[in-house]
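So you know, we letter chains A, B, ... as the sequences are listed, proteins then strands, and number each from 1.
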Number of protein chains: 2
Amino acid sequence: MKSKKTQHAGSTANALLGLLTLGDMSGYDMRSLIDRSIGHFWTESYGQIYPSLKWLSSEGFVEKKTERKKGRPDRNVFTLTPAGRKRLKQWLAVPPVVPEIPRSELLLKLFFGLHVPQKVSRSHLASFLQFHEDALTRYTELEAKLQREETGDPQLPYWLMTLSFGRHRSEASVNWAKQSMVRLDDLEKNQGPRKRVVGRKK
Amino acid sequence: MKSKKTQHAGSTANALLGLLTLGDMSGYDMRSLIDRSIGHFWTESYGQIYPSLKWLSSEGFVEKKTERKKGRPDRNVFTLTPAGRKRLKQWLAVPPVVPEIPRSELLLKLFFGLHVPQKVSRSHLASFLQFHEDALTRYTELEAKLQREETGDPQLPYWLMTLSFGRHRSEASVNWAKQSMVRLDDLEKNQGPRKRVVGRKK
DNA sequence: GGGTGCATGTAATGGGTTACATGATTCT
DNA sequence: AGAATCATGTAACCCATTACATGCACCC
């Protein structure tokens with residue numbers, strides 16, 4: 001009999017509750033804060049945020065106040081209610097889903113790499129490598145910024161841990177990509193000569 | 001004007017085409033083969049497979065033959081057509097989407113870890129660690145099996161590369177998790193004493 | 001004049017999992 | 001006797017991105 005309405009009760013809503021522990025903010029603020037803080041392991045689009053906020057509000061987990069300023073669009077600023085804080089804590093304690101094994105189109109394409117010239121696989125790997133090398137410099141910058149601006153914040157150690165994960169992941173990715181590119185080169189060398197064996201003496 | 005019908009044209013369909021290069025098989029076969037080969041970076045459910053096969057068939061990328069055996073359900077065995085092979089090759093050459101940064105509920109919960117007792121974060125990390133340690137032994141077994149059963153297969157190097165990715169990822173995960181658990185312990189030590197400072201002299 | 005930032009929201013569309021429905025055979 | 005394997009398929013549901021719609025202010 002209980003009305004379920006589980007529509008927006010997933011982790012998006014809980015992520016938003018988490019953000020509100022850092023201060024009152026609007027949906028717009030959330031989006032940009034996400035990009036600047038947890039963007040390396042979590043994303044949200046407006047299409048998720050606004051409906052979720054509406055739902056959280058209707059359930060009493062957040063409270064909405066509308067700020068009006070001339071020359072600016074209205075701002076709907078949200079505040080965590082005690083019920084919302086409780087819900088967040090409960091959710092934080094629930095063990096996250098174990099697998100967390102995401103699909104990788106790159107790996108799938110590499111797996112079937114024989115059906116395509118080596119240089120194709122090579123260039124896929126090169127893009128991947130580039131991405132993670134860039135990520136590493138972003139992580140370094142972000143860490144410096146956090147150490148500078150959030151000194152003494154008791155949350156800092158937790159934030160650094162998630163950053164550290166990104167670093168570990170990107171370092172592993174870089175190492176793997178480099179190694180794999182070398183292997184691809186070896187494959188080419190061990191296959192090329194067979195064709196060259198006959199002629200090519202000069 | 002062109003009828004699009006892009007319903008099942010995504011990477012699932014292409015993954016299935018790839019599998020069919022390894023031999024004719026049914027939807028059921030695909031599911032189990034995926035689990036045993038590319039399961040560490042790709043999953044498919046029947047709810048995806050069967051409709052996709054229907055679509056691939058209607059577009060002429062695969063051909064269906066029904067096998068009947070007494071006492072067994074009918075088997076719909078699919079074969080790659082030349083058009084399907086061409087489509088696969090084209091898709092393989094398209095650079096995979098760059099980001100590939102998936103959401104992680106674990107990291108999100110860790111990020112907000114201060115709102116919850118340390119031991120909660122610790123136990124989340126412990127499960128994660130366990131998962132990746134198990135994964136490492138699975139990878140070792142899988143590699144041995146591949147080396148044994150697929151010796152000389154020209155696809156082997158590509159398969160080993162994807163396996164190696166899994167290994168790199170899990171090793172990085174293990175290292176990170178261990179390090180993070182130590183950091184959590186340090187936090188506890190540096191916070192505990194403050195409360196103990198006053199009394200507790202015995 | 002054009003881009004960017006501020007600000008909210010909906011609709012269309014695409015992917016994906018899980019549960020359901022069915023049912024015989026073989027292994028434990 | 002009950003679980004696992006073989007085998008196919010649909011429907012309900014959930015989650016997520018992108019495009020669309022709107023519009024002012026500020027900077028270059």
Side-chain angles (χ1 to χ4, degrees), chain A residues 4-16 24-36 39 41-58 64-78 97-105 108, chain B residues 3-16 24-36 39 42-58 64-78 97-105 108:
Chain A
K4 278 288 167 63
K5 280 264 192 181
T6 11
Q7 211 53 28
H8 295 278
S11 19
T12 288
N14 290 298
L16 301 183
D24 298 354
M25 66 187 99
S26 67
Y28 188 85
D29 295 337
M30 288 177 182
R31 175 92 217 263
S32 73
L33 182 56
I34 286 169
D35 288 349
R36 282 174 295 120
F41 62 84
W42 202 264
T43 56
E44 294 289 356
S45 59
Y46 293 131
Q48 286 280 104
I49 292 172
Y50 288 118
S52 290
L53 282 173
K54 200 181 222 177
W55 179 81
L56 282 170
S57 193
S58 78
K64 175 168 117 178
K65 269 165 271 174
T66 303
E67 289 179 0
R68 286 191 182 79
K69 273 179 192 152
K70 22 142 203 192
R72 284 282 170 88
D74 284 4
R75 260 170 73 82
N76 294 332
V77 178
F78 294 87
V97 195
V98 251
E100 306 237 299
I101 296 299
R103 288 173 164 210
S104 167
E105 204 181 304
L108 190 57
Chain B
S3 76
K4 277 287 168 64
K5 280 265 192 180
T6 12
Q7 212 52 28
H8 295 278
S11 20
T12 288
N14 290 298
L16 301 184
D24 298 354
M25 66 186 97
S26 67
Y28 187 85
D29 295 337
M30 289 177 180
R31 175 94 217 262
S32 74
L33 181 57
I34 286 169
D35 288 349
R36 283 174 293 121
W42 201 265
T43 56
E44 293 290 355
S45 59
Y46 293 130
Q48 286 280 104
I49 291 173
Y50 287 118
S52 291
L53 283 173
K54 200 181 220 177
W55 179 82
L56 282 170
S57 192
S58 78
K64 174 168 119 178
K65 270 165 271 177
T66 303
E67 290 180 358
R68 285 187 182 84
K69 275 180 189 152
K70 19 138 205 195
R72 283 283 169 86
D74 284 5
R75 259 170 74 81
N76 294 331
V77 177
F78 294 86
V97 195
V98 252
E100 307 235 300
I101 295 298
R103 289 172 163 208
S104 167
E105 204 180 304
L108 190 58

Quiz item: For C:dC6, does either OP1 or OP2 sit under 4.0 Å from a side-chain N or O belonging to A:R31?
Solution: no
Practice problem: Give the rounded distance in Å between these two atoms: CD1 of B:I34 and C1' of C:dG16. | Solution: 13 Å
Exercise. In whole angstrom, give the distance that lies between atom CG of A:D35 and atom C1' of C:dG5.
Key: 14 Å
Practice problem: Measure from CD on B:Q48 to P on D:dC13 and round the result to the nearest Å. | Solution: 18 Å
Quiz item: In whole Å, what is the span from the CE atom of A:M30 to the P atom of C:dA7?
Solution: 13 Å
Quiz prompt | Whole-Å gap separating C1' (C:dC6) and CE (A:M25) | solution = 16 Å
Quiz prompt | side-chain N/O B:T43 vs C:dG16 OP1/OP2, d < 4.0 Å | solution = no
Quiz item: To the nearest 0.5 Å, what is the distance between CZ (A:R103) and CD (B:E44)?
Solution: 4.0 Å
Self-check item: Row check, B:Y28 ring normal vs B:R75 NZ/CZ: under 6.0 Å, within 45°
Solution: no
Nucleotide N/O to protein N/O under 3.5 Å, stretch nucleotides 6-12 of chain D:
from   : atom 1 : to    : atom 2 : distance (Å)
D:dC6  : OP2    : B:Y28 : OH     : 3.2
D:dA7  : OP2    : B:R75 : NH1    : 3.0
D:dA7  : O3'    : B:D74 : O      : 3.3
D:dT8  : OP1    : B:N76 : N      : 2.7
D:dT8  : OP2    : B:Y28 : N      : 3.0
D:dT8  : OP2    : B:Y50 : OH     : 3.0
D:dT8  : O5'    : B:Y50 : OH     : 3.4
D:dG9  : OP1    : B:N76 : ND2    : 3.3
D:dG9  : OP2    : B:N76 : ND2    : 3.3
D:dT10 : OP1    : B:K54 : NZ     : 3.0

Practice problem: Would you mind classifying the nucleic acid contact of B:R68 as base, sugar-phosphate or nothing, using non-hydrogen atoms under 4.0 angstrom? | Solution: nothing
Quiz item: Over its full length, what angle do the end axes of the helix from C:dG1-D:dC28 to C:dT28-D:dA1 make, each axis taken from five pairs and the result rounded to 10 degrees?
Solution: 40°
Self-check item: For A:K64, the option from A:L53, A:N76, A:L56 that meets side-chain contact (heavy atoms from CB on, under 4.5 Å)
Solution: A:N76
Practice problem: Check the distance between C:dG16's C1' and A:R103's CZ and give it to me in whole angstrom. | Solution: 7 Å
Quiz prompt | Side chains of B:D29 and B:S26, donor plus acceptor under 3.5 Å | solution = yes
Quiz item: Just to confirm, is there a sub-4.0 Å distance from OP1 or OP2 of C:dG16 to any side-chain nitrogen or oxygen of B:T12?
Solution: yes
Self-check item: Where B:W42 and B:I34 come nearest, the two heavy atoms and their spacing
Solution: O-CG2, 3.4 Å
Quiz item: Has the side chain of A:S57 got a donor or acceptor atom that lies under 3.5 Å from a matching backbone atom of A:K54?
Solution: no
Exercise. Looking only at non-hydrogen atoms, find the nearest pair between A:A13 and A:W55 and report the distance.
Key: CB-CZ3, 4.2 Å
